[in-house]
Amino acid sequence: MIADYSGAVTKAEPRIESTPTATAESVGGPGLPQERRLLTTIPGPRSVELTARREAAVARGVSTVLPVYVAAAGGGVIVDVDGNSLIDLGAGIAVVSVGNAAERVVDAVQDQVARFTHTCFMVAPYAGYLEVCEALNRLTPGAHAKKTALFNSGAEAVENAVKIARAATGRAAVVVFEHGYHGRTNLTLALTAKNMPYKHSFGPFAPEIYRMPMSYPFRDGGRDGADIAAEVTTKIEKEIGAHNVAAMVIEPVQGEGGFVVPAPGFLPALETFARANGIVLVADEIQTGFARTGTWFACEHEGVIPDLITIAKGLAGGLPLSAVTGRADLMDAPHVGGLGGTYGGNPVACAAALGAIRTIEEQGLLERASQLGETMRTRLTTMAQHFPGIGDVRGRGAMIAVELVKPGTLEPDPAATLAVAKACHAEGVVVLTAGTYSNVLRLLPPLVIPDHLLDEGLTVLEKAFAALA
Ligand code: PLZ
């Protein structure tokens with residue numbers, strides 16, 4: 001049919017049929033039965049069929065942890081195209097903290113998408129963008145005047161934080177830390193520590209990036225946080241010159257690096273040094289932020305007030321949206337037109353973020369994150385007493401991990417880590433791995449997961465450890 005552009009009012013056409021792989025459960029959200037249900041082996045036949053198509057159509061560089069194809073998700077479950085219902089302990093890498101297809105997110109998105117989908121904030125702005133910026137200015141730590149700019153992905157937020165810091169200071173150098181992860185674009189790959197799979201074969205990388213030692217209590221014998229920070233600041237002074245450093249970019253708890261929580265005092269000492277030397281302290285809270293650790297931002301656990309914060313993941317309930325929020329004077333340093341992008345702060349993503357923020361506030365998800373963290377920590381600590389391969393249990397709030405080693409040593413055990421993860425997957429529990437040595441099993445459940453599902457997921461994990469022994 002040829003569309004009618006004459007200006008006459010036409011009736012809407014019926015909707016396009018949904019994909020033939022959708023099951024009866026093509027509506028997700030918190031109303032889905034909150035149960036683990038295995039109808040087939042994992043992955044089931046329909047997922048296997050789709051994997052074959054994927055291999056023909058999708059570049060192999062984009063990898064997948066668990067090749068089950070999703071039909072619907074919500075609360076603490078992911079339902080696949082074979083009708084299996086899996087317990088979700090990954091939340092799409094800490095994204096759907098408010099749950100998949102959360103009610104307020106869906107309502108806000110549906111309302112927005114029916115009104116307009118995009119104008120580009122740089123062409124014709126809309127209030128949703130302002131409301132997200134106002135909310136972030138309010139929710140981030142520090143009582144100082146703040147401003148925000150919106151982007152699409154975490155990496156893009158980090159890139160822009162570096163741009164802002166360089167414009168504000170007139171300096172070039174950027175300090176990052178061992179085990180850090182900041183994204184996959186060229187500049188953020190330079191900031192990211194780990195070679196495989198992120199950096200290998202993709203260089204050369206952006207210059208003027210300097211990597212410093214990180215406080216990693218399990219691997220540095222529990223060294224004093226302030227001592228390591230002093231080593232860092234000496235290196236900065238001797239090797240770069242503090243007055244050449246635009247920004248120090250750090251995750252308050254390292255995410256991809258393996259949920260490394262620095263020793264107390266490490267972050268505050270870096271903050272003091274940054275402040276004394278006019279260095280912009282950038283907290284990359286892309287994984288730790290937005291209620292994940294039981295506070296809006298993980299910096300708050302140590303009373304650290306960053307100059308700039310990068311935010312993404314949990315911000316918009318699953319829609320792509322990221323932000324840089326920080327001191328108004330720094331945020332206003334780039335010239336008019338110096339920041340932007342076609343899609344940054346897309347209206348649908350902004351609506352989703354406002355829905356997610358309301359959900360976190362109304363459902364008390366900060367407290368819930370702390371509760372979930374306690375449950376996970378307690379269960380994992382007990383498991384560690386029975387399985388000597390668990391060398392460390394750590395994290396903050398609903399961001400908890402175990403590091404696996406050869407018993408009694410610090411020698412990483414990536415094979416056992418992979419075996420445990422695969423055993424969980426086969427039993428219908430989605431867990432993720434992480435770490436410089438690929439030997440960390442991390443748990444990042446949606447904050448709305450019901451207690452019984454988390455307990456069941458942890459029991460499956462415990463059995464996977466038992467099978468190792
Ligand atoms: N900073 C702290 O955790 C994204 C990466 C998954 P993007 N982490 C998940 C992968 O293998 O690509 C992340 C992060 C921190 C930045 C990023 C980058 O965020 O939205 O993936 O660009």
Side-chain angles (χ1 to χ4, degrees), residues 136-137 140-149 151 156-178 180 182-183 187-188 190-193 205-215 225-252 254 262 265-286 288-289 297-300 302-311 323-336 338-339:
L136 296 181
N137 296 342
T140 45
H144 51 276
K146 290 177 220 152
K147 287 194 175 185
T148 292
F151 305 98
E156 209 186 340
V158 175
E159 290 248 358
N160 278 282
V162 171
K163 281 167 67 175
I164 293 162
R166 284 179 170 159
T169 58
R171 306 171 181 180
V174 178
V175 165
V176 289
F177 293 83
E178 287 170 356
H182 302 288
L187 173 61
T188 58
L191 304 175
T192 289
F205 301 112
E208 284 302 310
I209 310 297
Y210 300 87
R211 192 172 313 287
M212 293 291 148
M214 175 69 188
S215 166
D227 281 357
I228 303 172
E231 188 187 323
V232 169
T233 56
T234 305
K235 274 175 80 72
I236 291 174
E237 275 161 349
K238 299 298 168 212
E239 297 172 19
I240 319 167
H243 57 283
N244 291 318
V245 179
M248 204 147 49
V249 183
I250 189 161
E251 300 155 88
Q254 291 181 324
F266 182 71
L267 292 172
L270 295 180
E271 180 190 25
T272 305
F273 177 77
R275 205 124 298 152
N277 290 281
I279 297 169
V280 178
L281 180 65
V282 181
D284 181 346
E285 294 246 19
I286 286 163
T288 50
F297 294 94
C299 281
E300 296 171 48
E302 281 209 82
V304 168
I305 298 180
D307 299 305
L308 301 178
I309 302 192
T310 55
I311 309 164
V324 182
T325 297
R327 294 187 185 279
D329 55 329
L330 299 178
M331 291 299 296
D332 277 341
H335 52 276
V336 173
L339 303 176

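- Using a distance-only test at 3.5 Å, with no hydrogens or angles considered, a donor-acceptor pair links the side chain of Asp284 to the main chain of Ile286.
- The two residues Ala298 and Thr288 come nearest to each other via the heavy atoms CB-CB, 3.6 Å.
- At least one side-chain heavy atom of Ile236 sits under 4.5 Å from a side-chain heavy atom of Met212.
- When all heavy atoms of Pro262 and Pro252 are compared, the pair lying nearest together is CD-O, 3.1 Å.
- Applying the salt bridge (Lys or Arg N to Asp or Glu O under 4.0 Å) definition to pairs two or more places apart or across chains, those involving residues 266-279 are Glu271-Arg275, Arg275-Asp307.
- Residues Glu285 and Thr310 fail the side-chain proximity criterion, which asks for heavy atoms closer than 4.5 Å.
- Looking at Phe273 and Val232, their side chains never come closer than 4.5 Å, going by heavy atoms from C-beta outward.
- Between Ile305 and Arg327, the closest side-chain pair of non-hydrogen atoms falls below 4.5 Å.
- For the salt bridge (Lys or Arg N to Asp or Glu O under 4.0 Å) condition, no pair includes a residue of residues 162-177, sequence neighbours left out.
- Residues Gly180 and Glu251 come closest through the heavy atom pair CA-OE2, 3.3 Å.
- Of the options Val158, Ile250, Ile164, Leu308, a side chain to side chain contact (heavy atoms under 4.5 Å, CB included) to Val282 is made by Leu308 and by none of the others.
- When the side-chain contact (heavy atoms from CB on, under 4.5 Å) test is applied to Glu302, the partners found at least two apart in sequence or on another chain are Pro264, Leu267, Pro268, Val304, Arg396.
- Judged by distance alone, the side chain of Thr192 and the main-chain N or O of His182 form a donor-acceptor pair under 3.5 Å.
- Across all their heavy atoms, Ala247 and Ala165 have their closest contact at CB-CB, 3.7 Å.
- Contacts of Ala229 classified as side-chain contact (heavy atoms from CB on, under 4.5 Å), with partners at least two apart in sequence or in another chain: Phe266, Ala269, Leu270.
- Under the rule for a side-chain hydrogen bond (donor to acceptor under 3.5 Å, both in side chains), the partners of Glu208 that lie at least two apart in sequence or sit in another chain are Tyr210.
- Every residue meeting the side-chain hydrogen bond (donor to acceptor under 3.5 Å, both in side chains) condition with Glu159, not counting sequence neighbours, appears here in chain and number order: Thr185.
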Residues Ile240, Val175; criterion side chain to side chain contact (heavy atoms under 4.5 Å, CB included); working and verdict: CA-CA 9 Å; Ile240 319 167; Val175 165; 3.7 Å; yes
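- Glu156 is linked by a side-chain hydrogen bond (donor to acceptor under 3.5 Å, both in side chains) to Asn152, counting only residues two or more places apart in sequence or in another chain.
- Residues forming a salt bridge (Lys or Arg N to Asp or Glu O under 4.0 Å) with Asp227 (at least two apart in sequence, or on another chain): none.
- For Ala206, the side-chain contact (heavy atoms from CB on, under 4.5 Å) partners are Asn186, Leu187, Ala190, not counting sequence neighbours.
- The minimum heavy-atom distance between Pro334 and Met331, with the atom names listed, is CD-O, 3.4 Å.
- Shown here for Val324 and Ala161, the closest heavy-atom pair between the two residues is CG2-N, 4.0 Å.
- Here Glu178 contributes atom CD and Ser215 contributes atom OG; the two are 11.0 Å apart, rounded to the nearest 0.5 Å.
- The side-chain contact (heavy atoms from CB on, under 4.5 Å) check on Thr140 picks up Lys146, Phe297, Ile309, Ile311, Thr325, with sequence neighbours excluded.
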